[in-house]
Amino acid sequence: MKSIQTKFIALILSCVLLSSLVIGGAGVRIAHTVVDRDSAQIMNLLCSEKACELNGLFSRIEQSVKSLSLYTSEQLESLDRLKTDADYMEAYTSQLKSVAVTAANNTEGALAVYVRFNPDFSSPTSGLFWSRTTRNGSFQELVPTDFSTYSPSDTEHVGWYYIPVNNGTATWMEPYYNQNIGVEMVSYVIPIYRDNETVGVVGMDIDFSIIEDVVNGTRVYDSGYAFLVDAQGKVACHKDIPMGTPMGSADESLIPVVAELENGTTGSSLFTYSWKGQEKELSFRTLRNTMYLAVTAPVSEIDAARNELVLHILTALVLISALSVGLTVLFTRRLIRPLKELNTAAKKIAEGDYSVSISNQTKDEVGTLAESFQKTVDSLQKYITYINGLAYRDPLTGVKNKTAYQEAERQMEERMRTGQPEFAVVVMDINGLKTVNDTCGHDFGDILIIDACKLICRTFKRSPVYRIGGDEFVAILENGDLEHYAELLDEFTKGMEGSSSARPGESLSIARGIAVYDSSTDLVFANVFKRADDAMYQNKAAMKAQMAGPDSGSGPHKP
């Protein structure tokens, strides 16, 4: 017959082994959860960072073309006179030249700038066209494309005019290769209207290499990279696939990737696919020009840290189990209490409760094990807290950052799919930040950002405020703030007038735009944001015009 001690030892040993398995299983589970989440955050944060960089570039290009189109529209005295008076058209065109060339010279990557008039009432070569004959050459005036030579359906040669006009809105054209100077280009064109009639278009051709430099310079893990795909699923920039190749035809394994991109959903999880027999994961973001930026890496590289951590956990589990067996034989009675405590703590962690506290009452290996386990839990809890704080809080202003905004966007889109929420989006952009940075230094620029953030938070104190760019903030209004948004905007304007800027003698100047969600037209959250962003740019243009004075838009341009 086995002794009570033997049975007791057998019971304790069973508890030790069970606890070790629970702790080890919890550790492996935590490793899978935490490392997978961290990997997804790394990929998504990198993709968001590069998307912001590209969107900033696109935004600057759009602003240049918008400024030129606004000037072109403001300087047009009469559409009837433009149609009937050849001398006026020539003078008007001459007036636009210096402004157009100046705008192109101050736009990153600009290779050509043009203002073309409607061929229905003007000569087929009317307008202006200035272009670089080499990538680094100066702008030269060239003869505009002859509309009479091509059919309006010839998108290869005159699509840059008819596509934006038919769309009725500013349009990013698909990238193409300019054989004359051997450069890949992408164009941004804005149609101009007067009295519901097309006046013409204003556009710029941009060197696509400045976009490719950002994409090709993106690296993640050992061999991860980024690529661009246009709205039709064609490759715009890829290290292995030529431009213009449909992704689905390059490899059948990429068809699910095209479907995922067209679906347009972005979230915290990564999309898994296979490419050339290798399992990969990607994160992607939709850019301002309707292209998709994707960051991809092999699963083996993404999971390398997790596999190493799991191996360490399993190795530690084996060592701890062996040590526990030896100690149990020698110190049976002393092990009962700490083993129960360890077992309870392991169950809590397995259930997701990391707020455990283990008392170390013994001064032996079991006590050391309990202390080490507590330190591991404490370190894990601190690490999770640190990651969450890093991911969702802007370090300069203390408000929520771009990552938190993207999470709020995802949650609001889920509400839009399941119901009809009532909300509005306010987009705010600090005016003059670059001037402050250039003239006073970035420390004063930071002060300007902080002062602007205080005014924004003070005005929309019941609404979440996000800093989504260097000088750009977003507030999402609901409930009381939504009902009284007009009063809040008036309060915001008065607050700017009573606030001081980073430069003495100047008040805060913040452009703002608001858009209220309309379930009949806004299919996704981005639609509401786009309308608010456009309204902000209109407000910014109005503020600039007001600062310039009432006579700034009349008379010939003087460079």
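The first residue of the sequence shown is numbered 1, and numbering continues consecutively from there. Since this is a predicted model, take the numbers as computed values, not measurements.
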Indicate the atoms forming the closest heavy-atom contact of Ala170 with Pro191, along with that distance.
N-CD, 3.9 Å
Side-chain ion pair, Glu414 and Arg410, N-O less than 4.0 Å:
no
For Tyr466 and Thr403, does a side-chain donor sit closer than 3.5 Å to a side-chain acceptor?
no
Shortest non-hydrogen contact from Met89 to Leu82?
CE-O, 3.2 Å
Could you tell me if the ring centre of Phe284 sits under 6.0 Å from that of Phe227?
no
Donor on one side chain, acceptor on other, Ser138 and Arg132, under 3.5 Å:
no
Is the count of non-hydrogen atoms from other residues, nucleotides or ligands lying under 6.0 Å from Lys83 atom NZ greater than 12?
yes
Is the ring centre of Tyr517 less than 6.0 Å from the ring centre of Phe525?
no
Hey, does the side chain of Arg219 reach the backbone of Tyr221 with a donor-acceptor pair shorter than 3.5 angstrom?
no
Check for me whether the distance between the ring centres of Trp130 and Phe139 falls short of 6.0 Å.
no
Sub-6.0 Å ring centroid separation between Phe208 and Trp172
no
Euclidean distance, Leu96 CG relative to Leu68 CG, rounded to 0.5 Å
7.0 Å
